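Below you'll find the structure, written out as structure tokens, and then a few comments.
From a predicted model like this one, the values you see are computed outputs, not experimental measurements. Counting starts at 1 for both ligands and their atoms, following the listed order.
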Amino acid sequence: MSKYEPMTRKALITGITGQDGSYLADFLLEQGYEVVGMIRRSSTLNFERIAHIQDKLTLVPGDLLDEVSMINILKEHRPHEVYNLAAQSFVQTSWGQPVLTGETTALGVTRVLDAIRTVDPEIRLYQASSSEMFGKVQEVPQKESTPFYPRSPYGVAKVYGHWITINYRESYGLHASSGILFNHESPRRGLEFVTRKISYAVAKIKLGLQDKLALGNLDAQRDWGYAQDYVMAMWLMLQQDQPQDFVIATGETHSVREFCETAFSYLDLDYKDYVIMDERFMRPAEVDLLVGDPSNAEKTLGWKRKVGFQELVSMMVQADYDTLSSQIK
Ligand code: NAP
Ligand code: G4F
């Protein structure tokens, strides 16, 4: 552990209303941090994931598209650590909204970095890089040195965010690190991502609320971990003396078909009776196989995932089943 121990530690999280932002906020509060969350203006509140801790957070308006808002937040709240988790994070949407994805997921990182450089270059930054940068993989398993070959506007934007973080680190000496996180899921995962789409559908089918589940490519393989395990790695990176980039993964890969099999069988159903193929969910370019090598993070950070594939799937199906059951009572 580093000697870096400010008296009252304060962290700013962008993307606090998202899956990872909410788990990271839980974790940092438990560590005794004062947590500031940047939220973008919307006509309706979407605080479902942080409702249980809302009174412990300082929520401030801002947007990755607007550097002025970030400069003002940094000036007013003076965090020691910034976790940049905000992004247009859904790969499929990135083909329909490539410019917005670039503005947010790519240039948004420059705005965060530059706001830090301008206001206080001592602030430590975590940047949410992604295994989607490996795309058409050049090596199996993927590690920190594996070349990138992104296959979506989202993946391309993340490569930009990754390299601009390295560039600001090397140009200005910022303590800025990227976590190359492989897919991580939870009961708080957005309903459009395939794991939650499946777990939610399985629960609905079991309860007689849905007949079929329409999916795209069942053969894609992903290295799926549990989001709560992964946010700890983000924090560990910022506690190191030297900034560095790390792959965070389980080291195992499973197909979408296998996820279906496991999720349906958890509630004694056979996925073959319910899953149908739908062209609308196929992608213009697919990432066929992702599997990460987390050995550097395990050795250097002392990080290790706790939850495995079977436990993750069961947890997600059970959570959706419990929620839906209580709603129909
Ligand atoms: P998520 O649930 O989709 O959350 C994204 C967050 O970004 C939301 O809070 C969203 O706010 C916010 N946001 C979007 N556009 C913004 C803007 N212009 N200004 C400010 N905030 C904005 O994503 P996640 O799964 O938690 O992922 C967190 C980060 O890790 C993302 O950068 C993602 O790309 C990256 N990542 C995720 C995974 C994964 O498997 N989950 C893997 C690798 C990397 P609203 O609530 O207002 O929409
Ligand atoms: O769940 P997904 O949408 O996640 P994807 O594309 O792997 O991206 C996620 O992980 C990235 C890390 O590698 C993050 F950076 C990113 O922000 C996001 O969190 O799709 C997973 C796989 C894909 O191969 C997709 O083609 O599932 C396949 N799939 C098959 N049917 C489907 C569906 N995906 C979705 N969303 N919906 C389907 O019906």
Geometry only, no angles: is [X] polar-contacting ligand 1 at N/O separations under 3.5 Å?
{"X": "Phe193", "answer": "no"}
{"X": "Gly18", "answer": "yes"}
{"X": "His184", "answer": "yes"}
{"X": "Leu85", "answer": "yes"}
{"X": "Ala87", "answer": "yes"}
{"X": "Asp20", "answer": "yes"}
{"X": "Asn183", "answer": "no"}
{"X": "Thr17", "answer": "yes"}
{"X": "Asp63", "answer": "yes"}
{"X": "Asn46", "answer": "yes"}

Run the salt-bridge test on [X] and [Y] with the 4.0 Å N-O cut-off and return the result as yes or no.
{"X": "Asp223", "Y": "Arg305", "answer": "no"}
{"X": "Lys56", "Y": "Glu30", "answer": "no"}
{"X": "Asp114", "Y": "Arg117", "answer": "yes"}

[atom]: the protein heavy-atom neighbour that sits closest, reported with distance to 0.1 Å:
{"atom": "atom 11 (C) of ligand 2", "result": "Ser130 OG, 3.8 Å"}
{"atom": "atom 13 (O) of ligand 2", "result": "Ser131 OG, 2.6 Å"}
{"atom": "atom 19 (O) of ligand 2", "result": "Arg189 NH2, 2.9 Å"}
{"atom": "atom 36 (N) of ligand 2", "result": "Glu192 O, 3.0 Å"}

Legend entry - Side chain, backbone, both or neither: the part of Thr104 lying under 4.0 Å from ligand 1 by heavy atom: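 For Thr104, the contact with ligand 1 is made by the side chain alone.
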Inset, instruction - Would you kindly specify which portion of Glu132 sits under 4.0 Å from ligand 1, judged on non-hydrogen atoms: side chain, backbone, both or neither? - result: neither
Enumerate the atoms of ligand 2 whose separation from the nearest heavy atom of [X] is less than 4.0 angstrom.
{"X": "Val91", "result": "6 (O), 8 (O)"}
{"X": "Phe90", "result": "3 (O), 36 (N)"}
{"X": "Glu286", "result": "23 (C), 24 (O), 25 (C), 26 (O)"}
{"X": "Lys197", "result": "38 (C), 39 (O)"}
{"X": "Leu290", "result": "13 (O)"}
{"X": "Ala220", "result": "24 (O)"}
{"X": "Gly216", "result": "30 (C), 31 (N), 33 (C), 39 (O)"}

Counting distance only, does the side-chain N/O of [X] pair as donor-acceptor with the main-chain N or O of [Y] below 3.5 Å?
{"X": "Thr105", "Y": "Gly102", "answer": "no"}
{"X": "Gln88", "Y": "Thr104", "answer": "no"}
{"X": "Arg196", "Y": "Arg189", "answer": "yes"}
{"X": "Gln142", "Y": "Val291", "answer": "yes"}
{"X": "Arg49", "Y": "Thr17", "answer": "yes"}
{"X": "Lys10", "Y": "His77", "answer": "yes"}
{"X": "Arg124", "Y": "Gln240", "answer": "yes"}
{"X": "Thr253", "Y": "Leu290", "answer": "yes"}
{"X": "Gln138", "Y": "Lys136", "answer": "yes"}

Of [options], which has the heavy atom at the shortest distance from [atom]?
{"atom": "atom 15 (N) of ligand 1", "options": "Met133, Glu185, Arg40, Gln19", "answer": "Arg40"}
{"atom": "atom 4 (O) of ligand 2", "options": "Asn183, Thr195, Leu218", "answer": "Asn183"}
{"atom": "atom 22 (C) of ligand 2", "options": "Met277, Arg257, Arg222", "answer": "Arg222"}
{"atom": "atom 34 (N) of ligand 2", "options": "Ile198, Leu215, Val194", "answer": "Val194"}
{"atom": "atom 6 (O) of ligand 2", "options": "Gln92, Glu132, Arg283", "answer": "Arg283"}
{"atom": "atom 36 (N) of ligand 1", "options": "Phe182, Tyr230, Tyr154, Phe47", "answer": "Tyr154"}

Inset, instruction - Verify whether the ring centers belonging to Tyr230 and Trp303 lie closer than 6.0 Å. - result: yes
Legend entry - Centroid separation Phe148 to His162 less than 6.0 Å: yes
Ligand-side contact atoms (ligand 1) for residue partner [X], heavy atom cut-off under 4.0 Å:
{"X": "Ala128", "result": "29 (C), 30 (O), 32 (O), 35 (C)"}
{"X": "Met38", "result": "20 (C)"}
{"X": "Ser129", "result": "43 (C), 44 (C)"}

Inset, instruction - Would you please determine whether Arg188 falls within less than 4.0 Å of ligand 1 on a heavy-atom basis? - result: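 No, Arg188 has no heavy atoms under 4.0 Å from ligand 1.
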Inset, instruction - Could you tell me whether ligand 1 has any atom less than 4.0 Å away from a heavy atom of Arg189? - result: yes
Legend entry - Straight-line distance of Glu76 CD to Thr58 OG1, nearest 0.5 Å: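 OG1 of Thr58 is found 10.0 Å from CD of Glu76.
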Legend entry - Name of the residue among Leu209, Leu213, Asp211, Asp320 meeting side chain to side chain contact (heavy atoms under 4.5 Å, CB included) with Lys204: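 Testing Lys204 for a side chain to side chain contact (heavy atoms under 4.5 Å, CB included) against Leu209, Leu213, Asp211, Asp320 leaves exactly one candidate, Leu209.
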Inset, instruction - Decide whether a cation-pi geometry holds between Lys143 and Phe134; the criteria are a distance under 6.0 Å from NZ or CZ to the six-membered ring centre and an angle within 45° of the ring axis. - result: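 Judged by the rule, Lys143 and Phe134 form no cation-pi pair.
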Inset, instruction - Show your reasoning for whether side-chain hydrogen bond (donor to acceptor under 3.5 Å, both in side chains) applies to Gln127 and Ser178. - result: CA-CA 5 Å; Gln127 166 56 20; Ser178 292; 5.8 Å; no
Legend entry - Side-chain donor-acceptor contact under 3.5 Å, Gln221 with Glu252: no
